Number of protein chains: 2
Amino acid sequence: MKNFDTVSLSFCGGSHDHGRCVITAIKAAEELCHSKGVRLTDARKRILELVWDSHHPVGAYDVLSKLSQESGKTAPPTVYRALDFLLEQGLIHRIESLNAYVGCAHPAEDHAGLFLICNKCGCAAEVHDETIDQTILTKASNLGFRPEQRTLEVRGICPDCQNPQ
Amino acid sequence: MKNFDTVSLSFCGGSHDHGRCVITAIKAAEELCHSKGVRLTDARKRILELVWDSHHPVGAYDVLSKLSQESGKTAPPTVYRALDFLLEQGLIHRIESLNAYVGCAHPAEDHAGLFLICNKCGCAAEVHDETIDQTILTKASNLGFRPEQRTLEVRGICPDCQNPQ
DNA sequence: ATGTAAATGTTATAACATAACAGTAATGAA
DNA sequence: TTCATTACTGTTATGTTATAACATTTACAT
């Protein structure tokens, strides 16, 4: 299985070049959309960038207000439509426990991430673990349940917030 | 570990005596509150009953409208305050992916259930599995993350909806 | 160029949740 | 028993998140 060690970088204190992080994500999104034959329009791309602005999940209305600042009056459906598109393409994830959205670090792959969300700084890290997936799927099918989507969110304290400088 | 086979009963088609199910839950709630020295007031008890009305998660405003019907005009804070209390005591769970609430089948115990929620009929079953818990906790702590709360929700098709009569 | 489907703009409103403050009821100490 | 304190409830207003419905524009294939 692919190594997702990079996730640890996305805890808030992990000093990484986030500009680069965004550029990579956008480029991956462009390629993915191209290969799928779907359109990553300017609006969608811009909203994806705004979601990727940080590793903190952002609310739809946060995106809306940034967008309004730069492009003049914008209405909620503009944002929600783009978010829905991005969700469908697996380019972002929705964090249900926060009503917020966060960029997906590996959009081309498996789509049931586990999110570790810091209650202090608000950052979110996406983790993949085959054992967790398997255990959950096995449990469900043992009960006769056919899984379609998963929401796995763990709230707590991230490493950086446990050991503040 | 305790056997939670009873969860399978809570899929919508499982014909069980739900009246009895509610009575049991309320009784357990009364005992639990008594033992904890917290007050299960009439309002709280009634709202717990309304949440337990079915195995489908119910929205706060569903509870509100039922309450308004039987007790005259009621405002949202009445409902939300009771729901918050019930959540704190572990008597109900919040289903984040539905913005809805559902009765907890074993309030005295461990509090990180896994919910299997049917996309067809809307019923929700609470499952506990030590392996899942352990795997997730281990994964988190390997990454230096200290878990506090968990939201584990699997949406899909329940056994009854897979094999309709 | 033009018909069609996809995307976006716009207005209004639905659905979910809380802030803030006033009033009432339960509880325990004097 | 009274009083003070705290917990609980009522009420009004408002904040936050999300979608319905319909008009308009844009992209694309023919």
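Numbers restart at 1 for each chain; the letters A, B, ... are given by sequence-line order, proteins then strands. Keep in mind that this is a model prediction, so the values were computed, not measured. All heavy atoms count here, side chains included; hydrogens, waters and symmetry mates do not.
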Checklist entry - B:Pro76 has a side chain; which of C:dT18, D:dT17, C:dT8 sits nearest to it? => result C:dT18
Checklist entry - To the nearest 0.5 Å, how far apart are CD1 in B:Ile92 and CG in B:Leu50? => result 11.5 Å
Checklist entry - Are B:His128 and B:Glu126 close enough that a side-chain donor and a side-chain acceptor fall under 3.5 Å? => result yes
Next on the checklist: In this structure, how many angstroms lie between the P atom of C:dA17 and the CG atom of B:Asp62, rounded?
Outcome noted: 11 Å
Checklist entry - Between atom CD1 in B:Ile47 and atom C1' in D:dG10, what is the gap in whole Å? => result 13 Å
Item to check | For atom CD of A:Glu96 and atom P of C:dA17, their distance in whole Å | outcome: 12 Å
Item to check | Plane angle bin for B:His55 and B:His18 - parallel if under 30°, tilted between 30 and 60°, otherwise perpendicular | outcome: perpendicular
Checklist entry - Within the structure shown, what part of the strands sits under 4.0 Å from A:Arg81 by heavy-atom distance: base, sugar-phosphate, or nothing? => result base
Next on the checklist: With a 4.0 Å cutoff (strictly under), does any side-chain N or O of B:Thr78 reach OP1 or OP2 of D:dT9?
Outcome noted: no
Checklist entry - Is the backbone of A:Leu152 close enough, under 3.5 Å, to the side chain of B:Glu153 for a donor and an acceptor to pair up by distance? => result no
Next on the checklist: How many whole angstroms separate atom CG of B:Asp42 from atom P of D:dG10?
Outcome noted: 11 Å
Item to check | Among C:dA17, D:dT9, D:dT12, the nucleotide that comes nearest once only the side chain of B:Ala43 is considered | outcome: D:dT9
Next on the checklist: Can you identify which nucleotide, out of C:dA17, C:dT11, D:dT11, has its nearest atom closest to the B:Pro77 side chain?
Outcome noted: D:dT11
Item to check | Side-chain donor/acceptor of A:His93 to backbone N/O of A:Phe115, under 3.5 Å | outcome: no
Checklist outcome for this item: From CZ of A:Arg39 across to C1' of C:dA5 the rounded distance in Å is 10 Å
Checklist outcome for this item: Side-chain contact check for A:Ala75: nearest option of D:dA18, C:dT11, C:dA17 is C:dT11
Next on the checklist: From C-beta outward on B:Asn99, which listed nucleotide comes closest to its side chain: D:dA27, C:dA26, C:dA17?
Outcome noted: C:dA17
Checklist entry - What is the distance, rounded to the nearest whole Å, between atom OH of A:Tyr80 and atom C1' of C:dA12? => result 15 Å
Next on the checklist: I need the CG-C1' distance between B:Asp84 and D:dT9, as an integer number of Å.
Outcome noted: 14 Å
Next on the checklist: From the set C:dT8, D:dT11, C:dA17, return the single nucleotide nearest to any side-chain atom of A:Arg44.
Outcome noted: C:dT8
Next on the checklist: Taking any heavy-atom pair under 4.0 Å as a contact, classify A:Tyr101: base, sugar-phosphate, or nothing.
Outcome noted: sugar-phosphate
Next on the checklist: Measure CG/B:Leu98 against C1'/D:dT17 and give the value in whole Å, please.
Outcome noted: 15 Å
Next on the checklist: Quick check, does A:Tyr61 stack with D:dT16? I mean ring centres under 5.5 Å and planes off by under 30°.
Outcome noted: no
Checklist entry - Looking only at side-chain N and O atoms, does A:Thr41 come under 4.0 Å of OP1 or OP2 in D:dT26? => result no
Item to check | Closest-nucleotide 5' rank along DNA chain C - winner of A:Lys73 and A:Phe85 | outcome: A:Phe85
